[in-house]
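Report on the structure given below.
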Amino acid sequence: MPIYKAPVEDVLFLLNDVFHIERFANLSGFADASPDIVEAILGAAGKFCEEVLTPLNPIGDRQGCRRGEDGSVATPDGFREAYRQVVEGGWIGISVPPEFGGLGLPAALTQTVNEFMASANMAFAMYPALSQGAIAALLTHGTAEQKSLYVPKMVAGEWTGTMNLTEPQCGTDLGLIRTKAVRQPDGSYKITGTKIFISAGEHDLAANVVHLVLARIEGAPEGTRGLSLFVVPKVMPNPDGTLGVRNAVSCGSIEEKMGIHGNATCVMNYDGATGWLVAQENHGLQAMFVMMNEARLGVGVQGLALSEIAYQNAAQYAKDRLQGRALTGAKFADKPADAIIVHPDIRRILMTIRAFNEAARALVLWTSIKSDVAHRSDSARERETADDHMGLLTPVIKGVLTDLGFANAVMAQQVFGGHGYIQEWGMEQVVRDARIPMIYEGANGIQALDLVGRKLGRDGGRAVMAFFAEVQGYVKEQAADAAMKPLVEPLGKALGHLQQATMWFMQNAVAKPDNAGAGATDYMHLFGLVGLGYMWCQIAAAAQRKLVADSSGRMNAKLVTARFFMERMLPETAAHLARIQSGAGSTMELPAEAF
Ligand SMILES: Cc1cc2nc3c(=O)[nH]c(=O)nc-3n(C[C@H](O)[C@H](O)[C@H](O)COP(=O)(O)OP(=O)(O)OC[C@H]3O[C@@H](n4cnc5c(N)ncnc54)[C@H](O)[C@@H]3O)c2cc1C
């Protein structure tokens with residue numbers, strides 16, 4: 001069975017020593033996040049994930065969810081009790097404003113707890129995470145009545161949330177949505193249609209499920225301009241929050257799928273179900289985007305989370321498994337063979353994964369702090385800059401962290417040899433679970449197109465220019481420091497590649513959009529490498545400051561890992577740039593019938 005140890009110390013190092021979270025004490029809720037509170041929350045959540053969620057993960061995988069004839073869905077054994085403990089821990093509403101029952105603490109804490117939960121048991125972690133997304137959408141776009149009726153119940157875990165976009169004929173292209181909404185005299189709407197692949201659409205963890213549903217009001221325009229967002233509860237709440245009658249929405253079936261078996265992926269049938277409009281008519285997509293952006297970051301965190309659990313288990317296995325001798329002579333001469341951790345190729349795998357994990361975690365926390373600035377700062381300028389950062393980094397975090405999360409899970413499986421392929425060690429489950437974050441919440445190709453097609457040019461390129469200026473400024477500032485020079489020099493070179501790629505798109509993709517489409521995924525990964533490289537420089541700078549006082553070897557390990565990233569991973573930026581600059585020619589030349 002897989003082991004898991006929540007990386008609490010690493011998160012505390014990032015928050016305190018790298019990002020100096022105390023600098024943001026002017027933001028509401030940050031002053032309450034004192035070091036002892038943060039440590040207590042992360043410590044308790046970590047322990048719960050290690051002791052409760054980790055052992056439930058293979059059980060959930062093997063049992064899956066079971067649908068009864070009446071459309072009810074039973075989650076795997078142990079999930080109900082674990083969910084009760086999540087509710088008791090108050091972890092769903094860590095960052096929700098206190099007036100809605102939350103703790104109002106920084107989003108970085110929510111993302112961290114979500115990372116721990118997803119490492120330990122991703123299928124389970126999706127139930128509370130979907131509630132968090134629905135809460136965010138309702139808080140931003142719901143009426144005062146909707147907020148007070150739904151949000152406290154969801155924060156308290158009594159009701160959970162879902163997002164309903166996908167239909168059989170409509171995945172990426174939301175303009176194809178057919179689910180229909182008909183206005184009623186009392187101001188409500190009757191919703192009719194079929195949604196597929198709805199995560200946590202039905203289950204036995206909570207008494208009610210609050211569906212956020214995209215649908216088209218009768219007579220609304222075609223395409224995405226005619227979509228509206230509705231809140232459609234499984235059981236209709238009375239005005240005092242008690243449960244009333246059952247709504248006409250039900251689970252028609254649950255999907256048999258490759259992984260995350262413990263999460264119910266449902267076909268949801270809306271048979272004239274009662275719903276209420278969220279935001280204005282025909283402005284549904286903008287409202288749903290709040291939930292989608294929240295979910296995209298959350299899905300990026302899933303990629304990191306699975307890479308982390310994969311790493312921890314592979315590292316342990318590599319220290320235990322005896323095969324062959326080190327190239328430089330026996331290292332465990334008293335044993336029949338050396339542990340495979342002596343082999344450079346095994347080290348290559350472990351170093352690659354840990355160099356990703358630590359920097360990816362930093363990227364997530366940095367972006368979480370920006371999201372709090374975007375929502376909580378008094379300064380309009382600060383809010384705008386932070387919002388720009390969020391827009392730019394969201395597709396990068398979603399796409400890069402999940403692509404590499406899966407790649408890392410596969411690499412970690414390789415450390416186990418044949419034992420990685422059989423069920424006993426849990427690695428094949430990690431690989432299967434790690435596949436879906438690349439697909440849902442906008443497949444990664446779509447994230448890349450969002451970055452290149454929408455985010456780069458938005459507001460005259462303001463966000464990307466600010467990102468370049470920040471990284472360039474940092475490189476210049478640190479170049480004079482002899483210890484930092486070997487790290488910032490390659491970062492400066494990689495940034496140059498990113499700037500050249502951006503310029504190439506400006507010159508070659510406007511007239512020939514296929515050039516942008518063919519280079520988008522490379523651009524997203526080039527961007528991700530620069531972002532991770534920037535994080536490694538900041539981690540290394542903090543590690544340098546603590547090096548002398550640190551007797552554990554942790555800071556030195558960070559410095560070595562930073563060097564590994566610069567020497568062995570960052571040079572990929574050159575290959576990405578070369579591919580981008582080759583354009584779409586050979587990609588698009590063959591006619592469709594040649595495939
Ligand atoms: C386990 C699971 C859980 C899910 N949970 C939810 C949920 O809770 N709620 C929900 O609403 N949906 C959910 N989904 C649906 C998921 O978000 C979609 O599957 C996903 O968005 C892709 O849509 P699709 O499957 O129809 O693929 P398609 O849209 O058919 O895309 C197929 C491929 O073509 C590419 N492609 C499509 N259009 C373009 C384009 N214009 N340019 C370039 N490439 C393109 C895509 O990137 C993809 O690789 C879930 C799916 C799964 C499998």
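When a residue number appears, it is its place in the shown sequence, counting from 1. Note that ligands are numbered from 1 as they come in the structure, with each ligand's atoms numbered from 1 the same way.
Protein heavy atom nearest atom 17 (O) of ligand 1, with residue, atom name and distance: Glu441 N, 3.5 Å. In this structure, the protein non-hydrogen atom closest to atom 7 (C) of ligand 1 is Phe197 O, 3.1 Å. The protein atom (non-hydrogen) at minimum distance from atom 23 (O) of ligand 1 is Gly171 CA, 3.5 Å. Protein heavy atom at the shortest distance from atom 12 (N) of ligand 1 is Thr166 OG1, 2.7 Å. The single protein non-hydrogen atom nearest to atom 9 (N) of ligand 1 is Met163 O, 2.8 Å, given as residue, atom name and distance. The protein atom (non-hydrogen) at minimum distance from atom 39 (C) of ligand 1 is Ile446 CD1, 3.6 Å.
Distance screen at 4.0 Å: atom 45 (C) of ligand 1 has a protein heavy-atom neighbour inside the cut-off. For atom 33 (C) of ligand 1, no protein heavy-atom neighbour is present inside the 4.0 Å cut-off. Per-atom contact check: atom 41 (N) of ligand 1 does not touch the protein, criterion being a heavy-atom distance below 4.0 Å. Not a single protein heavy atom sits closer than 4.0 Å to atom 30 (O) of ligand 1.
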Please evaluate residues Ile260 and Tyr440 with respect to the criterion side chain to side chain contact (heavy atoms under 4.5 Å, CB included), reporting the C-alpha separation (whole Å), side-chain torsions for both, the decisive distance (0.1 Å), and the verdict.
CA-CA 12 Å; Ile260 56 164; Tyr440 59 21; 4.3 Å; yes
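The part of Ile436 lying near ligand 1 is the side chain, judged by heavy-atom distances below 4.0 Å. The proximity of Glu255 to ligand 1, defined as any non-hydrogen pair under 4.0 Å, does not occur for either the backbone or the side chain. At a heavy-atom distance under 4.0 Å, no atom of Asn263 approaches ligand 1.
Test Thr194, Thr179, Leu174 against Glu167 for side-chain contact (heavy atoms from CB on, under 4.5 Å) and you get one pass: Thr179. Checking each of Thr160, Thr162, Asn263 against His203 for a side chain to side chain donor-acceptor pair (under 3.5 Å) leaves exactly one that passes, namely Thr160.
Distance NE2/His497 to CD/Glu572: 12.0 Å, rounded to 0.5 Å.
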Scan the side chains in residues 270-279 for donor-acceptor partners under 3.5 Å anywhere in the protein, sequence neighbours excluded, and list what turns up.
| unit_1 | atom_1 | unit_2 | atom_2 | d |
| --- | --- | --- | --- | --- |
| Tyr270 | OH | Asn164 | OD1 | 2.7 |
| Thr274 | OG1 | Lys190 | NZ | 3.0 |

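Defined by atom type and a distance below 3.5 Å, a donor-acceptor pair is missing between the side-chain atoms of Asn515 and Asn508.
Between Glu115 and Arg361, at least one side-chain nitrogen of the basic residue sits less than 4.0 Å from a carboxylate oxygen of the acidic one, meeting the salt-bridge criterion.
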